[in-house]
Amino acid sequence: MNHSMKSKIVTAALSATLLLGAFSAPAALAAQSAEVVAGVNMRTSPSTSANVIRTLKKGEDITIVKKVNDYWYQVKDKSGKTGYISTSSKYVSVSGSSSGSGSSSSSNSNSGITSNDGAAGVIQGSVSFRKGASTSSDRIRYMKKGEKVTVLSKPNSYWYQVKDSSGVTGYVSSSSSYIKVTGTIPNSGSSNSGNSGSSSGGTGQQSSSKTIENIIKVGMSYLGTPYEYGSDRNTTTTFDCSDFVRQIFKEGAGVTLPADSRKQGQYVKDNGVVQKDWTKLKRGDLMFFMSYKGSKASAYSGVNKNTATITHDGIYLGDGKILHTYSKESGGVTISNIKGTHWEHRFLFGGSAL
């Protein structure tokens, strides 16, 4: 057999293998179904900077192809289009087992529940069993006093992720008024021999660094939430900049900040020392900005930043990045680079709100 004929046979065999693989893959990936519970952007890649394919609507049925990381699912809609959406339970209710993620879910969790047993819990008083770790999340039902649950994780100081006797997974308050926990909670490294910590009492229950990470974790769960100027402070379906900051501090630290960016800026000033050099900010500090005047530094050269009006704010992530929301065109809650951009030129001051 000559060399040319061998090459053709090898090429044909390889093509057949790839073709068969392409047809067999979807069967393995279509094991997990999900329902969209709030409008969410489906993007071309797992990033808030990726192009939006379209906005999935509440009630749509989709297939989870795989869980890329803690923040993104690869999904397929009914028309066969594939894209990426937030894993947040605020947007998607998941059932079944997701291929490639090593996780399974009986409800809508984004924290990768495994089959391992958790700590034992007994409900101490009627409490809301919710789809997400937030009082604004939909209620699955009320749990009754005396119910036994499995505590799967403790996402922050205020919530437990639990599974009830029928296998449904959701979230309940970690307050000892509502639940008594014994045993070790997976992924929390804590052992409980009675009552858990209360959900009340402010930030004195944990270190500042842990509180900051809680706040940022909550903020990241809202990636892709649509932007709306003057958004309703009583919902989490849309945010403007100050509403977003206020919500994640409320959920992540139990701290209720003022409702607008200018008052939040004053709150930070009243709280302690502010920093006018953004490169000296710490992770978790709030950043405040003036109005956009152009993309170049020269556009802001004549501005007295000591008296300029605050028009925007967000939370500093470190490494020159900010978590915030500022326009519909940007895709809602997103992460932006600061250095060399108009965000650097518009920066007024920053500091801790804790």
Can Glu60 and Lys81 be counted as an ion pair, charged N to O under 4.0 angstrom?
no

task: Answer with yes or no whether the hydrophobic clustering places Val68 together with Tyr222; edges join I, L, V, M, F, W, Y residues whose side-chain heavy atoms lie under 4.5 Å apart.
output: yes

Tightest non-hydrogen contact, residues Glu35 and Gly59, listed as OE2-CA, 3.7 Å

Item to complete: Could you state whether Val52 and Ile85 fall into the same hydrophobic cluster, counting links through intermediate Ile, Leu, Val, Met, Phe, Trp or Tyr residues with side-chain heavy atoms under 4.5 angstrom apart?
Response: no

| query | Is there a donor-acceptor contact under 3.5 Å from the side chain of Asn337 to the main chain of Lys339? | reply | no

Do other residues, nucleotides or ligands put more than 12 heavy atoms under 6.0 Å from Arg54 CZ?
yes

Quick check: is Val168 connected to Val162 through a chain of hydrophobic side chains (ILVMFWY, heavy atoms under 4.5 Å apart)? yes

Stepwise, does the side-chain contact (heavy atoms from CB on, under 4.5 Å) test hold for Arg262 with Thr309? CA-CA 8 Å; Arg262 286 182 285 280; Thr309 301; 3.6 Å; yes

Contacts of Tyr292 meeting ring-ring contact (aromatic ring centres under 6.0 Å, His included) (sequence neighbours excluded), chain-then-number -> His342

4.5 Å side-chain heavy-atom contact, Val255 and Thr211
no

Counting only N and O atoms by type, is there a donor-acceptor contact under 3.5 Å from the side chain of Thr311 to the main-chain atoms of Met290? yes

Using the rule given for side-chain contact (heavy atoms from CB on, under 4.5 Å), can you reason through Tyr160 versus Ser153, listing the C-alpha separation, both sets of side-chain angles and the distance that settles it, and then say yes or no? CA-CA 6 Å; Tyr160 284 133; Ser153 68; over 6 Å; no

- Task: In plain terms, say whether Asp240 and Arg233 are close enough for a salt bridge, that is, a side-chain N and a carboxylate O under 4.0 Å apart.
- Result: yes

**Asked** Considering only heavy atoms from C-beta outward, does the side chain of Lys131 approach that of Ile140 to under 4.5 Å?
**Response** yes

| said: Assigning hydrophobic clusters by single linkage (Ile, Leu, Val, Met, Phe, Trp, Tyr; side-chain heavy-atom cutoff under 4.5 Å), is Tyr267 placed with Ile248? | reply: yes

Answer yes or no: does atom NZ of Lys305 have more than 12 heavy-atom neighbours from other residues, nucleotides or ligands under 6.0 Å? yes

To the nearest 0.5 Å, atom OG1 of Thr341 lies from atom CZ of Arg346 at 9.0 Å

For a 4.5 angstrom cut-off between non-hydrogen side-chain atoms, does Phe288 reach Val274? no

Counting C-beta onward and ignoring hydrogens, is there a side-chain heavy-atom pair between Ile53 and Thr44 closer than 4.5 Å? yes

**OP:** Spell out, as yes or no, whether a donor-acceptor pair under 3.5 Å connects the side chain of Arg130 to the backbone of Tyr171.
**Re:** no

Rounding to 0.5 Å, atoms CZ (Phe244) and NE2 (His324) come to a distance of 9.5 Å

Nearest heavy-atom approach of Ser173 to Val127 is N-CG2, 4.3 Å

Note to self: Is any side-chain heavy atom of Gln266 closer than 4.5 Å to one of Lys269?
What the structure shows: yes

Checklist entry - Is there a donor-acceptor contact under 3.5 Å linking the side chains of Gln124 and Tyr178? => result no

Asp232 and Asp243 have their tightest heavy-atom pair at O-OD2, 3.5 Å

Taking the side chain from Thr169 and the backbone from Lys163, do they hold a donor-acceptor pair closer than 3.5 Å? no

Separation between OG (Ser128) and CZ (Arg139), nearest 0.5 Å, reads 3.5 Å

So CD1 of Ile179 and CD1 of Ile123: to nearest 0.5 Å the spacing works out to 4.5 Å

Quiz item: Can you tell if the side chain of Val245 reaches within under 4.5 Å of the side chain of Phe239, non-hydrogen atoms only?
Solution: no

Walk me through whether Val75 and Val92 qualify under side-chain contact (heavy atoms from CB on, under 4.5 Å). CA-CA 11 Å; Val75 303; Val92 62; over 6 Å; no

So NZ of Lys58 and OG1 of Thr237: to nearest 0.5 Å the spacing works out to 10.0 Å

Between Ala259 and Ser242, the two heavy atoms sitting closest are O-OG, 3.2 Å

| Heavy-atom distance under 4.5 Å between the side chains of Met220 and Ile335, does that happen here? | yes

Rounding to 0.5 Å, atoms CD1 (Ile64) and CD (Gln74) come to a distance of 10.0 Å

Ile62 side chain reached by Leu56 side chain, heavy atoms, under 4.5 Å
yes

For Ile338, the hydrophobic cluster (side chain heavy atoms closer than 4.5 Å, chained through members) also holds Trp278, Leu281, Met287, Phe289, Tyr316, Ile322, Tyr326, Trp343, Phe347

Mark yes or no for whether Gln264, through its side chain, and Asp313, through its backbone, hold a donor-acceptor pair below 3.5 Å. no

Checklist entry - Would one find more than 12 heavy atoms of other residues, nucleotides or ligands at under 6.0 Å from atom CG of Asp319? => result no

>> Donor-acceptor check, side chain of Arg43 to backbone of Tyr84, threshold 3.5 angstrom: yes or no?
In response: no

For residues 279-303, the salt bridge (Lys or Arg N to Asp or Glu O under 4.0 Å) pairs (sequence neighbours left out) are Glu213-Arg283, Lys282-Asp285

### Message
Assigning hydrophobic clusters by single linkage (Ile, Leu, Val, Met, Phe, Trp, Tyr; side-chain heavy-atom cutoff under 4.5 Å), is Met42 placed with Tyr227?
### Response
no

On a heavy-atom basis, the closest approach of Asp164 and Val149 is CA-CG1, 4.2 Å

Closest non-hydrogen atoms of Leu323 and Val333, given as atom of the first, atom of the second and distance, are CD1-CG1, 4.0 Å

